[in-house]
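One structure is given here, and the rest of the page talks about it.
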2 protein chains.
Amino acid sequence: MPKARDTDTAARILDVAERLVQSRGFNAFSYADVAAELNVTKATLHYHFPGKAELGEALIARYAQRFSQALRAIDAGAGDAPARLAAYARIYGDVLRDRRMCLCGMLAADYETLPEPMQAAVIQFFDENLAWLAGVVEEGEREGTLRPNGSPEAAAQALLGGLEGALLVARPYGDLNRFDAAAAGLLTGLAARA
Amino acid sequence: MPKARDTDTAARILDVAERLVQSRGFNAFSYADVAAELNVTKATLHYHFPGKAELGEALIARYAQRFSQALRAIDAGAGDAPARLAAYARIYGDVLRDRRMCLCGMLAADYETLPEPMQAAVIQFFDENLAWLAGVVEEGEREGTLRPNGSPEAAAQALLGGLEGALLVARPYGDLNRFDAAAAGLLTGLAARA
DNA sequence: GTCTATAGGCAGATAGAC
DNA sequence: GTCTATCTGCCTATAGAC
């Protein structure tokens, strides 16, 4: 059993790689970048993750798991449907705060160049988010707090795409307000009006 | 004066490079890719565009110019504000049809890795689109055909981001319907309701 | 304008010592 | 687990012939 600090070399690799992918994209970071930042050699990275493809898969798996937890936390909370959507949007706003994209939003841009297992994992991430969003929209429709103009699935697609795109466009400006304005527009467009 | 066919080597380079950037991203295409597809050598590309940075700038310049023309064409048309926004959304749907992203949407993902002149050009592209969109929204507000919940600028930000994101998320699925559903959701969320 | 040839660097990856 | 050393290949870019 290795020492606690060193056991988590894999986790620290994932931390650094995650940040680099979210800010630069999957094709614009290298094993050398990660190794230099952690003061280890590239060979160490290959020991923990045989190749870039496996590292990428591990990144998505961990990210998706964390996202799932966040969704369950929202579900466990008290708010109504609009409040849940606002909490969901806040997750996205938080990643923008340190100039990152959503991991899977970035990988969606790189999609055509990704190994197939990573492509499948990105799709699965979106599927899970869309299913959760559609559920919340449907609930809001029943409550009378939301009035989607199309199906809950269409509304979910508009929300997920809208938030990913709001990140994408706001990030070059380095302007959190732009994201907030866009997110607010998405949510109020869906809300039932007086 | 060279022959017409060959004069446009520069234009043909831009055509191929544009498609590659829109589908794979700026860091995932090479001079070799473009040269092979055109049956010329890499040196030929360097003659027309000294480096990747200059090629990138030329790509954005041409793309932005074409986009500007499309906006003026919409302005010259007959429709009211909602019809103009729908026409605007259709431009985005068309790029998805051959599995591309918007050029500047893709470059927004690559933003952190771009040379500064390209970054500035991407921002300028967004600025122009946002200004046009805000103008149309404002017009719709006066007409009574649109009822934005915030400022026209906020609505413009939500529209631009929403459409870019709808492309981003729909493209991995290869599903044009997903884009259309999201786009429709964005537009009806903004429309004045009965 | 387009070619051949090549420079110099960095990428992802592996073998084998410790 | 982490290292040193190295391989192979592709990248951007340049020089100079035609």
Side-chain angles (χ1 to χ4, degrees), chain A residues 1-21 23-60 106-107 110 112-119, chain B residues 1-21 23-60 106-107 110 112-119:
Chain A
M1 191 86 95
K3 284 179 258 176
R5 219 347 113 137
D6 283 49
T7 305
D8 292 88
T9 301
R12 289 159 67 213
I13 292 169
L14 288 175
D15 288 340
V16 174
E18 184 179 73
R19 196 188 67 249
L20 289 174
V21 172
S23 57
R24 305 174 50 87
F26 191 71
N27 297 307
F29 92 101
S30 69
Y31 267 38
D33 294 331
V34 179
E37 203 162 326
L38 292 175
N39 284 113
V40 295
T41 61
K42 290 184 288 175
T44 297
L45 270 74
H46 282 286
Y47 170 79
H48 290 280
F49 304 96
K52 222 181 167 186
E54 289 79 12
L55 174 55
E57 290 177 55
L59 281 177
I60 307 175
M106 183 61 89
L107 294 177
D110 296 329
E112 298 264 305
T113 72
L114 299 180
E116 197 278 327
M118 285 185 69
Q119 292 185 331
Chain B
M1 191 88 96
K3 285 179 259 175
R5 218 349 110 142
D6 283 51
T7 305
D8 293 88
T9 301
R12 289 158 67 212
I13 291 170
L14 288 174
D15 288 340
V16 173
E18 183 179 74
R19 196 189 65 249
L20 290 175
V21 173
S23 57
R24 304 173 50 87
F26 191 71
N27 297 305
F29 93 100
S30 69
Y31 267 38
D33 294 330
V34 179
E37 201 163 326
L38 292 175
N39 285 114
V40 295
T41 61
K42 291 181 286 174
T44 297
L45 269 75
H46 282 286
Y47 170 78
H48 291 281
F49 304 96
K52 223 181 166 186
E54 289 79 12
L55 174 55
E57 291 176 55
L59 281 177
I60 306 176
M106 182 62 88
L107 294 177
D110 297 328
E112 297 266 306
T113 72
L114 299 180
E116 196 277 328
M118 286 185 68
Q119 292 185 333

If you assign each of B:K42 and A:H46 to its closest nucleotide in DNA chain C, which residue comes earlier from the 5' end? B:K42
Taking CZ from A:F29 and C1' from C:dC10, how many angstroms apart are they, rounded to a whole number? 15 Å
Any donor-acceptor pair under 3.5 Å linking the side chain of A:N27 with the backbone of B:A28? no
Quick one: B:K52 NZ to D:dC11 P, roughly how many Å, whole number? 9 Å
Is B:F49 touching bases, backbone alone, or none of the nucleic acid, heavy atoms closer than 4.0 Å? nothing
Side-chain N or O of B:T41 less than 4.0 angstrom from OP1 or OP2 on C:dT2? no
Measure CZ/A:R12 against C1'/D:dT2 and give the value in whole Å, please. 12 Å
When rounded to whole Å, the CG to C1' distance for the pair B:L38 and C:dC3 reads 15 Å
Under the criterion side-chain contact (heavy atoms from CB on, under 4.5 Å), I'd like the reasoning laid out for B:Y31 against B:K52: C-alpha separation, chi angles, the key distance, then a yes or no. CA-CA 8 Å; B:Y31 267 38; B:K52 223 181 166 186; 4.0 Å; yes
Answer yes or no: is there a donor N or O on one side and an acceptor on the other, between the side chain of A:E54 and the main chain of A:G51, under 3.5 Å? yes
Expressed as a whole number of angstroms, how long is the span from B:N39:CG to C:dT2:P? 13 Å
Return the value, rounded to whole Å, for the distance between atom OH of B:Y31 and atom C1' of C:dA5. 19 Å
D:dC11, C:dG12, C:dT2: which one has an atom nearest the side-chain heavy atoms of B:T44? C:dT2
When rounded to whole Å, the OH to P distance for the pair B:Y47 and D:dA17 reads 18 Å
So which nucleotide from D:dT12, C:dT2, C:dA11 ends up closest to the side chain of B:T9? C:dT2
Could you point out which residue of A:T9, A:V34, A:L59 forms a side chain to side chain contact (heavy atoms under 4.5 Å, CB included) with A:L14? A:L59
Integer-rounded Å distance: D:dT2 P and A:L45 CG: 10 Å
